[in-house]
Amino acid sequence: MHNVLKMSDTSRSGFLAFKERRSRKLAGRCTPRDADIFWLRFERYFEDIYYPLMDLYGDRSDFSEQIEALFDQMVDAYADRAESLRLLDLERQFTPDWFEHSNMVGYVCYPDLFAGNLEGVREKVSYLEELGVTYLHLMPLLDPRPEPNDGGYAVVDYRTVKPELGTIEDLKALATDLRERGISLCVDLVINHTAKEHEWARRAMAGEEKYLEYYYTFPERALPNAYEQTLPEIFPDEAPGNFSWYPEMAGDGRWVWTTFHEFQWDLNYTNLSVFREMMGVMYFLANEGVDILRLDAAPFMWKRMGTNCQNQPEVFKLIQLFRGLMRIVAPALIFKAEAIVPPDHIQKYIGVKKTVGKQCELAYNNHLMVMLWSALATHKATLLSYVIHKRAPPLLIDCSVVTYLRNHDDIGWAMADEDLAEIGEDPFLHRQFLNEFYTGQFPGSFAKGALFQFDPVTKDARISGATASLTGLEAALEQQDESAIDLAIRRILLLHSAIMFRGGIPVIHMGDEVGLLNDYSYLNDPIKAKDSRWLHRPSMDWAKADRRHNPNTIEGRVYQGLLRLIKVRKSTSLLHSFALSHPMWTDNDHVWAIGRDRPEKSIMLLANFDDDWQSVNADIIRNGGLVGHVHNLLTEDGSLNISQGRLYLEPYETMWLVGDE
Ligand code: OTU
């Protein structure tokens with residue numbers, strides 16, 4: 001091979017040494033061409049893995065032997081990869097923006113709540129196809145501890161599917177089926193912690209030295225106390241504190257680091273064995289045909305005294321390692337960071353500036369989600385407009401985001417305090433307002449939701465609730481108020497229009513496509529009753545879904561409206577994720593305007609967050625760079641309602657405007 005890559009001499013000799021030692025091993029297990037491809041990729045990404053390995057683990061006494069094991073594991077994983085998946089690897093290397101196309105539309109569900117089990121999901125693939133779904137995120141499906149298990153985020157065995165859902169073979173069959181129908185499969189990987197019943201945890205509990213090092217354990221309270229000084233609480237209401245005491249552990253009792261619940265033990269990534277174990281799980285899932293791994297609670301992977309133990313620099317080195325290794329073995333697989341962190345941190349998870357191409361391909365655009373709900377409650381787009389001017393994301397290269405309105409978690413009001421202050425809102429009061437609004441207590445509120453993790457000291461709380469209930473459909477139905485029902489449906493479509501437009505993969509939360517309401521049955525289940533997130537984790541209502549084709553039903557109105565947005569999105573290249581954001585102010589606080597500048601031309605979103613007609617100065621069209629005859633992609637005839645220089649929008653109307661030149 002030619003030395004076309006700029007590599008330092010040390011890296012090059014390292015690379016050649018590893019290659020030398022393993023060439024024969026790989027040669028016997030795949031074709032010469034596949035072996036060449038492996039070594040080309042290894043060479044290409046060698047430095048991406050070499051430096052973080054040295055930084056994180058270089059001074060460990062077992063470094064050399066661990067590295068040998070890590071590279072052996074890589075070769076094995078590549079040798080085990082199916083022919084069809086190796087082809088997919090190449091295909092996606094030819095089209096590295098495959099997940100950025102406007103064709104991408106996501107759907108997220110719990111397999112059991114959606115269709116009973118994995119086999120059931122397979123039977124429902126045509127339902128997803130009809131909606132235009134090309135990305136399916138199945139919520140935790142690897143074998144968890146018995147309940148309570150935090151909705152599956154406490155895994156006992158990463159290589160087994162939860163028995164009630166099926167088997168690993170079922171997962172593989174489903175992945176294959178989905179792929180044949182153009183749908184990529186995203187699966188949760190709980191990397192930050194295992195269940196306390198996981199074999200590693202059980203052996204640590206029994207005092208095995210090797211496994212004690214897989215977790216953070218402390219015989220005395222001194223260190224936990226010191227860490228607690230700066231650690232926040234994730235679930236202050238139901239799981240206070242970050243450490244749990246096990247009197248029986250390792251003979252004399254230990255405190256274990258448990259950021260989330262007592263039964264979720266944080267893994268110790270300063271131990272290279274832990275890294276290698278998790279990497280092995282990732283290869284395994286990649287080879288089963290999983291396309292996207294959602295890295296749960298990624299910010300928490302590294303701890304540092306005196307900090308909140310989130311977003312530490314080492315987290316990004318770990319991610320760089322995961323990605324670099326995966327790009328060699330199975331580049332068809334991409335990573336999605338689950339990092340619900342302040343806006344300034346989020347970009348680090350997808351790699352900007354010096355880390356382009358070295359972090360996750362995807363992360364959640366939590367900030368947009370929060371601002372949309374805030375805009376809906378205030379009827380104003382001020383915060384959205386302001387923040388996009390101030391923090392307009394750079395051009396994202398080789399990465400993108402997931403846009404969404406609801407997921408299985410709560411809505412935490414994670415806008416930056418200074419952003420709120422700068423638009424004249426008191427951050428504390430604004431959050432109090434949002435909580436009152438979305439629990440329906442604020443006068444005039446249309447929403448029905450519940451508080452999550454109310455902290456009586458700080459008065460902090462987050463919100464649970466289904467999209468349709470938070471947007472007013474539940475209350476309107478109770479009151480049998482036709483015009484309120486109409487407004488609620490418009491709100492649902494407004495929010496979906498925004499996430500379909502903004503850039504990235506828009507993901508629909510199961511049931512939102514037919515307006516499923518809050519499910520209060522969790523209150524009767526003692527295990528779930530304290531966790532209001534179950535309010536928006538209903539079972540799929542197939543009777544409602546069956547009405548989706550009837551435009552005279554609520555379900556039909558929501559579904560057909562959504563389908564229209566999806567069809568339009570897919571029909572234009574202008575919503576490809578790769579675009580420059582073009583922030584704009586309108587002369588009307590109720591109306592949000594934002595453009596996306598693509599190489600071919602620009603497209604503009606106008607969104608009215610008010611329940612009344614609103615208008616904006618029509619010059620905005622030209623200022624937004626639209627050229628030629630301008631029309632709205634979202635209506636049949638595309639025409640604009642302009643009168644005396646003002647462009648009119650119906651209550652909650654959104655427009656996707658383009659010029660014909
Ligand atoms: C995630 O959420 C999951 O989405 C939750 O359902 C789990 O309970 C949790 O991890 C533990 O596995 O704090 O309030 O920045 O926000 O990891 C939810 C990331 C959470 C955290 C996120 C976490």
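Scope of the values below: all heavy atoms of this structure, side chains included, with no hydrogens, waters or symmetry mates. Whatever order the structure lists them in is the order used to number ligands and atoms, beginning at 1.
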Below 3.5 Å, N or O to N or O, backbone or side chain included: is there any such pair between His408 and ligand 1?
yes
Just to check, does [X] reach to within less than 4.0 Å of ligand 1 when the distance is taken from its heavy atoms?
X      : value
Arg294 : yes
Pro299 : yes
Arg462 : yes

Side chain proximity check, [X] to [Y], heavy atoms < 4.5 angstrom:
X      : Y      : value
His496 : Asp512 : yes
Asp344 : Arg391 : yes
Thr217 : Met249 : yes

To which protein heavy atom is [atom] closest, and what is the distance rounded to 0.1 Å?
atom                    : result
atom 18 (C) of ligand 1 : Asp409 OD2, 3.8 Å
atom 11 (C) of ligand 1 : Asp150 OD2, 3.4 Å
atom 20 (C) of ligand 1 : Phe260 CE2, 4.0 Å
atom 17 (O) of ligand 1 : Glu338 OE1, 2.6 Å
atom 1 (C) of ligand 1  : Asp296 OD1, 3.0 Å
atom 16 (O) of ligand 1 : Ile340 CB, 3.5 Å

For [X] and [Y], indicate whether the former's side chain and the latter's backbone hold a donor-acceptor pair under 3.5 Å.
X      : Y      : answer
Ser577 : Glu100 : no
Tyr227 : Trp257 : no
Ser469 : Lys448 : no

Does a side chain donor of either Asn518 or Tyr520 reach within less than 3.5 Å of an acceptor in the other side chain?
yes
Will you find, in the side chains of Tyr269 and Glu314, an N or O donor that is under 3.5 Å from an N or O acceptor?
no
What atoms in ligand 1 come closer than 4.0 Å to a heavy atom of [X]?
X      : result
His193 : 11 (C), 12 (O)
Ala339 : 15 (O)
Arg533 : 5 (C), 6 (O), 8 (O)
Asp410 : 14 (O)
Ile234 : 13 (O)
Ala297 : 17 (O)

Output yes when Asp48 and Lys358 qualify as a salt bridge under the 4.0 Å nitrogen-oxygen rule, no when they do not.
yes
Can the ring centroids of Phe437 and His430 be said to lie less than 6.0 angstrom from one another?
no
